[in-house]
Every structure is written in structure tokens, then in C-alpha cells.
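Below, read A as the first sequence line, B as the second, and so on, with proteins coming before strands; counting in each chain starts at 1.
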Amino acid sequence: MPAYWLFKSEPDSFGFDRLEREGRTEWSGVRNYQARNFMKAMRVGDLGFFYHSSTKEPGIVGIARVTRDAYPDFTARDPKSEYFDPKATDEKPIWEMVDVAFERYLPRFVTLAELREHASLVETMVLLRKGSRLSINPVTKREWGIVLRIAERPAA
DNA sequence: GCCAACGTTGGC
DNA sequence: GCCAACGTTGGC
């Protein structure tokens, strides 16, 4: 039984089109404990919405699939990386990452504003919580289905 | 560019 | 352990 997630990414640094081109990527650079813990809970086969943030029209563009369980994020041990963390060691890597693969585009882009129009999502979806800044969010099966149904309808 | 919300740091 | 200061995220 796969679990559902949401991955935030800035399209200017790593957009969904790039994941499609490259097929798969390492989700490194997460430096938030809550987000890290969500990645530790991920299992191969889990699915996640791919969300574009910090852009003109934020929203969900597609679906990615987890292809590798969490393992130490080596960028934390690389002094040349912008994600270098001097506190990370081989024994205690602190930060972890998963691998994700391109799964498919949604039938159409679903904007953040449109998600907010659905009371049933606003009530529960972590992404829509006031002040939510988590780069990795859990998504319930119910929320997953609602978003898919929205994406299958023509834009309002 | 503004700013609210949040997480982290560090002095005490 | 408290909490003010600071840095970051991310929508608008």
C-alpha cells in the first residue's frame, strides 16, 4: 500500500520538465528535520505530487515516484556543496535523501489558488496550512484522489 | 519587494 | 530551558 507525498521544487532550479528529461534524480539538500523525517518514512513505490513553488503561478504539475528508500545525503559532507553541513559526519550523517523518478504529468496543471477553492482540501492539506513552508508534505489518500479529480476536469 | 510564518541559534 | 534575534521560505 503506497503512501502519498508532495515534493516542492522551484522550477527555476529544478522543474518537473527536467525530471522528465532526466528520468530520475536524487532529492538531496533537504535541511529541515520534519521534511527529513517524512523522507525516512518513504518507501520505494510511494507516489508524490510535484509542486512548483516560488514562481508566478505555484501549483501541482505532475507525479513522481520514490525509487530508493532514504539514505545519507552526501551533499551534507561535501564542503563544496551549498548544502554542506559541518555537523554531519559519516557516523551521523544527520540528513537523508531519497531518489525519485518521473511518473507522469497531471492531465493539466492545478494551481495553488484552485486548490484553495476546495474546502475539503483546505481543511486538511498540509500544503494549504497557513504559514506552511515544508518542502516535503504528507498527502492523504483522500486528498490524493481529490486533486486527481480536479486535474481531470477542465480548468474553471 | 514586502512581509507573515516558521525553524534555528545562541546568550543567559 | 527560555526566548529574542536572525535567516529562510514562499505567496502575493
- Stepwise side chain to side chain contact (heavy atoms under 4.5 Å, CB included) test for A:D85 and A:W95: CA-CA 9 Å; A:D85 182 348; A:W95 305 112; 2.8 Å; yes
- Message: Evaluate A:D73 against A:R31 for side chain to side chain contact (heavy atoms under 4.5 Å, CB included), listing each step before the verdict.
- Response: CA-CA 10 Å; A:D73 181 343; A:R31 295 293 178 268; 2.9 Å; yes
- side chain to side chain contact (heavy atoms under 4.5 Å, CB included) evaluation trace for A:L121 with A:E143: CA-CA 6 Å; A:L121 289 178; A:E143 293 160 353; 4.0 Å; yes
- Assess the pair A:F7 and A:F49: is the distance between their ring centroids shorter than 6.0 Å? no
- Note: A:A76 and A:P93 closest approach over all heavy atoms is CB-O, 4.4 Å
- Task: Anything under 4.0 Å to a heavy atom of chain A counts; send over the first and last such nucleotide of DNA chain B, read 5' to 3'.
- Result: B:dA5 to B:dT9
